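To keep things clear, I will list the structure first and then write my remarks on it.
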Protein chains: 2
Amino acid sequence: MSLHQVARACKALHHTFVDRSSARVTLKDIARLAGVHPATASRALDPARGDMLTPETRDRVRRVAQEAGYQVNSFARSLRKNSSGMVGVVVADVANPFLPPILRGIEQIIRAEQKLLLIAETHDDGSTLLEIIDHFVARRVDAVILSAAHLGDEHAVASLAEKIPVVLAVRSVGSARFPTITHDDVLGGQLAAEHLVSLGHRDLAQLRGPMDVSSFRGREQGFAAVMSTTTALERFVDQSATAPTVEEGRRLAKAILDTPGRHPTAFFAHNDLMAVGALEALRDRGLTCPRDISIVGYNDAPLSNHVNPPLTTVRLPSLELGRRVATLALAVIAGSPTEPTIEKLPPELVIRQSTAAPSHP
Amino acid sequence: MSLHQVARACKALHHTFVDRSSARVTLKDIARLAGVHPATASRALDPARGDMLTPETRDRVRRVAQEAGYQVNSFARSLRKNSSGMVGVVVADVANPFLPPILRGIEQIIRAEQKLLLIAETHDDGSTLLEIIDHFVARRVDAVILSAAHLGDEHAVASLAEKIPVVLAVRSVGSARFPTITHDDVLGGQLAAEHLVSLGHRDLAQLRGPMDVSSFRGREQGFAAVMSTTTALERFVDQSATAPTVEEGRRLAKAILDTPGRHPTAFFAHNDLMAVGALEALRDRGLTCPRDISIVGYNDAPLSNHVNPPLTTVRLPSLELGRRVATLALAVIAGSPTEPTIEKLPPELVIRQSTAAPSHP
DNA sequence: TTGAAAGCGCTACCAG
DNA sequence: CTGGTAGCGCTTTCAA
C-alpha cells in the first residue's frame with residue numbers, strides 16, 4: 001500500500017472533518033447587512049433597549065441577525081459589561097445523593113434568568129476550595145453559591161465575599177455573617193431523637209458525620225438536646241466519621257458494637273449511607289434491625305426506602321432549598337439589600353421499618 | 001423612631017456590606033509597578049512564554065503581580081485568544097446515580113488542564129438540548145462532551161460539531177460520525193441474558209428503557225441476540241419505559257404480571273432503578289424474588305447491593321469512561337486527528353441474590 | 001432615533 | 001530580550 005493510498009484511506013475515514021476556523025458572524029456584519037451602524041444594531045438586539053428605535057429598523061436588524069445566525073460574542077460583552085452571566089456553584093461531592101435535587105432547584109431558577117451554572121467540586125478539601133474560588137474570581141462569576149463550607153472557612157469566605165456576592169447553602173460557616181439558607185438540622189436531630197425516645201429507647205448512640213460541617217453539627221446538637229431533657233441516655237462515642245459514607249457508618253457502628261457490655265438499642269446515623277453501613281455492621285454480628293437495634297437515617301436518599309429494612313429517616317426539602325438559594329443569589333446580584341441572615345428550612349420525619357420499640361426494655 | 005435612626009439601624013444590620021465596585025488590578029498596573037511595558041508583563045506572566053525574558057525581569061514582574069494580587073481578566077484573554085478555557089458537559093439528568101462517577105472522571109482530567117467544567121442538564125428534552133447547545137456556542141466553550149444524545153439527534157450534533165469540537169459519551173447517535181466513547185451495552189445485555197439462561201430460565205422478559213437512547217437499545221439487542229441462539233424464549237412486550245425510573249420499572253413489570261397465563265421466570269431490567277420498581281411490583285402481587293422471578297439490573301447503582309434482595313447487576317467502568325472521554329475531548333481541542341470512531345468499554349456482571357434457578361422449570 | 005468614537009484588558013505581531 | 005501598536009467584538013457615552 002503506497003503512502004498515497006494510506007493518505008486517501010485516512011481522509012475517507014475522516015470524512016466528517018470540519019473546518020471550524022471559519023470566522024463567525026459579528027455585530028458589524030449584521031450592521032452592514034442591515035445598513036445601520038453597529039451601535040444601532042447593538043441596541044436593536046438588546047430587548048431592554050430595543051424600543052429606543054423605530055420598530056422598523058429594529059425588526060429589520062433582528063431579522064437579518066436571525067437569518068445570519070448571529071450570536072453575541074459573550075467574551076466581548078462580558079469584557080464590556082464586566083459581568084459573566086454565570087453563577088458558580090461549589091459542592092463537596094457530586095456523588096452525594098442529596099445534591100441532585102438541590103442542583104436541580106438551583107438550575108431551574110438560574111436558567112430562567114438566562115444565566116449559566118458553573119459547577120465545581122471540593123471533595124471537602126480546603127486547598128481545592130481555595131483553587132476553585134480563585135477560578136471563579138478569575139472568571140468573574142456573578143455570584144457564588146457555596147454548599148461546601150466547613151466551620152473554619154469563615155475567613156476564606158469573607159475574602160471571597162469581598163470580590164463576588166456569596167450565598168451559603170446547606171452548610172453555614174458558623175456565624176451569620178453571610179446570607180445563608182440551610183436545612184434546620186437541629187430540628188432534624190430533635191425529630192430523630194424524639195421518635196426514638198417515644199418508642200421507648202433509653203440507651204442510644206449517634207453515628208456522627210464530620211463535625212467540622214455545620215449540618216452534621218446541628219444534627220448532633222438537636223439530638224443531644226432532646227437526650228438531656230429526658231431520662232434517656234446518649235452513649236459517649238468519641239469518634240465521628242471522616243466522611244458520611246457507608247464504610248464510615250459501618251466502622252463507627254462496629255466500634256460501638258465491639259465495646260464490652262450491653263449495646264445501645266438505637267442508632268441515629270447522620271445520613272442514610274452511614275445508616276446502611278450500620279445495617280451491615282449489625283448483620284456482621286448476627287444482629288437484626290429493628291429487633292435488636294433501631295436505626296434512624298437522614299436525607300431520605302433515593303433507595304433508602306428499598307434497603308432492608310426500609311429506613312426511617314429525615315426528609316429534607318432540598319429542591320426547595322435549591323430554588324430559594326438561587327433566588328437569593330439573584331437578589332444579591334441585583335444588589336438588593338442582603339441581610340446576612342440564616343434561613344432554616346424544616347425537615348420532616350419519615351417513619352419506615354428500621355425503627356421499633358426496644359425488645360429488651 | 002426618626003428616619004435617621006432607622007437608617008443607622010439598617011446600616012448596623014448590614015455590617016458586612018462590602019464595596020465590590022473597587023476597580024481591580026490590571027496588567028497595565030502591574031507593568032507600571034514593575035517598570036515594564038504591558039506586553040512584557042503579559043509575557044512574564046505566561047508560563048509558556050516566560051523564558052523569552054531575562055529571568056530577572058520575569059521574576060520581578062511575577063513578584064509584583066503576586067503582591068498586588070493580580071488576576072488575569074479572563075474575558076479579555078478569551079476575547080483575544082478566542083477560547084474560553086471551559087469544557088461544556090451535557091447530561092440528561094444529574095440525579096441519575098450513574099452519572100457522578102463519570103462527572104468525577106471528567107473533572108479529574110479537565111481540572112488537571114486548568115480548564116473549567118460547565119454542566120447543563122437536558123432532562124431528555126430535545127428543545128432544552130438545543131438551548132444548551134446555543135449557550136455553549138455563545139460562550140465559546142472549547143469542547144462539548146455530550147452524554148445526553150438521542151438516536152435522532154444526529155443532525156443537531158452535526159451542526160454543533162461545525163462550531164465546536166464534540167465528543168459523545170455514554171450514548172451514541174447511531175452512526176459513528178463523531179468521536180464517541182460508550183459502555184459496551186450490547187455486551188452488557190449479553191452478559192445478563194447468558195447468566196439467566198445458564199441458570200435455567202427459558203421464559204424471560206426485558207423491562208426496556210427508552211428505546212431512542214443508544215445505551216438502552218444496545219442492552220436490548222445484546223439480550224435478544226442471546227435469546228435467539230438458545231431455546232429460551234423472550235416474551236414479547238410492546239412497551240418500554242419513558243424514563244428509566246423506579247415508577248416506570250414498576251409499571252412495566254406490573255403490565256407483564258397482569259398478562260393472563262404463566263408469567264416469565266426472569267426479568268432483565270435496563271437499569272437498577274427499574275429493577276427496584278420491578279421488585280415492588282412483585283411484592284404487590286405477593287411474589288418473591290428470586291424464588292418466583294429472578295431480576296437482573298444494570299449499572300450497579302450505589303445502594304443496589306443493599307436493596308432486598310441485593311441486586312444482580314451489570315457494573316460499568318464509569319469513572320474510566322469519564323476519564324477517557326475527557327482525555328479524548330482534550331485531544332480534539334488540541335486539534336489532533338480525531339478519528340470518528342466508537343470506543344466501547346466492557347462491563348462486568350455482578351452476581352448477587354436477585355437471581356437464581358427457576359423453581360418451576 | 002441614529003451615528004461616531006472610545007475603550008473594556010489582554011495578547012500577537014513586528015521593530016528595534 | 002523588550003517596546004510599540006493594533007485590534008479581538010461589544011456597549012456606551014455624547015452629539016447630531
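Treat the numbers as computed from the prediction; the structure is a model and nothing was measured. We name chains A, B, ... by the order of the sequence lines, and we start the count at 1 in each one.
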Seminar exercise, completed: 5' to 3', nucleotides 7-12 of chain C under a 4.0 Å protein heavy-atom cut-off (B base, S sugar-phosphate only, - none) gives BBBBBB
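Heavy-atom distances under 4.0 Å link DNA chain C to Leu53(A), Thr54(A), Thr57(A) of residues 53-64 of chain A, given in residue order.
Every residue two or more places apart in sequence or in another chain that forms a side chain to side chain contact (heavy atoms under 4.5 Å, CB included) with Lys28(A) is listed here: Thr26(A), Pro38(A). For Ser159(A), the side chain to side chain donor-acceptor pair (under 3.5 Å) test picks out no residue, with sequence neighbours left out. Looking at residues two or more places apart in sequence or on another chain, you find no side chain to side chain donor-acceptor pair (under 3.5 Å) involving Arg63(B). Residues satisfying the side chain to side chain donor-acceptor pair (under 3.5 Å) criterion with Glu113(B), sequence neighbours excluded, are absent altogether. By the salt bridge (charged side-chain N to carboxylate O under 4.0 Å, His left out) test, Arg62(A) is found to be paired with no residue, residues two or more places apart in sequence or in another chain being considered. Every residue meeting the side chain to side chain donor-acceptor pair (under 3.5 Å) condition with Glu121(B), not counting sequence neighbours, appears here in chain and number order: Arg104(A).
Residue pairs satisfying the salt bridge (Lys or Arg N to Asp or Glu O under 4.0 Å) criterion with at least one member in residues 38-52 of chain B, sequence neighbours excluded, are listed as follows: Asp46(B)-Arg49(B). Counting only residues at least two apart or in different chains, side-chain hydrogen bond (donor to acceptor under 3.5 Å, both in side chains) contacts with residues 122-137 of chain B comprise Arg111(A)-Glu131(B), Asp124(B)-His150(B), Asp124(B)-Arg171(B), Asp125(B)-Ser127(B), Asp125(B)-Thr128(B). Residue pairs meeting the salt bridge (Lys or Arg N to Asp or Glu O under 4.0 Å) criterion with at least one member in residues 65-76 of chain B, sequence neighbours excluded, do not occur.
DNA chain D forms stems at C:1-16 with D:1-16, each a run of 3 or more consecutive Watson-Crick or G-U wobble pairs whose two key distances fall under 3.5 Å.
Regarding Arg32(B), its CZ atom lies at a distance of 15 Å from the P atom of dG3(D), rounded to whole Å.
Salt-bridge check for Glu320(A) with Arg324(A): passed, with a basic side-chain N closer than 4.0 Å to an acidic carboxylate O.
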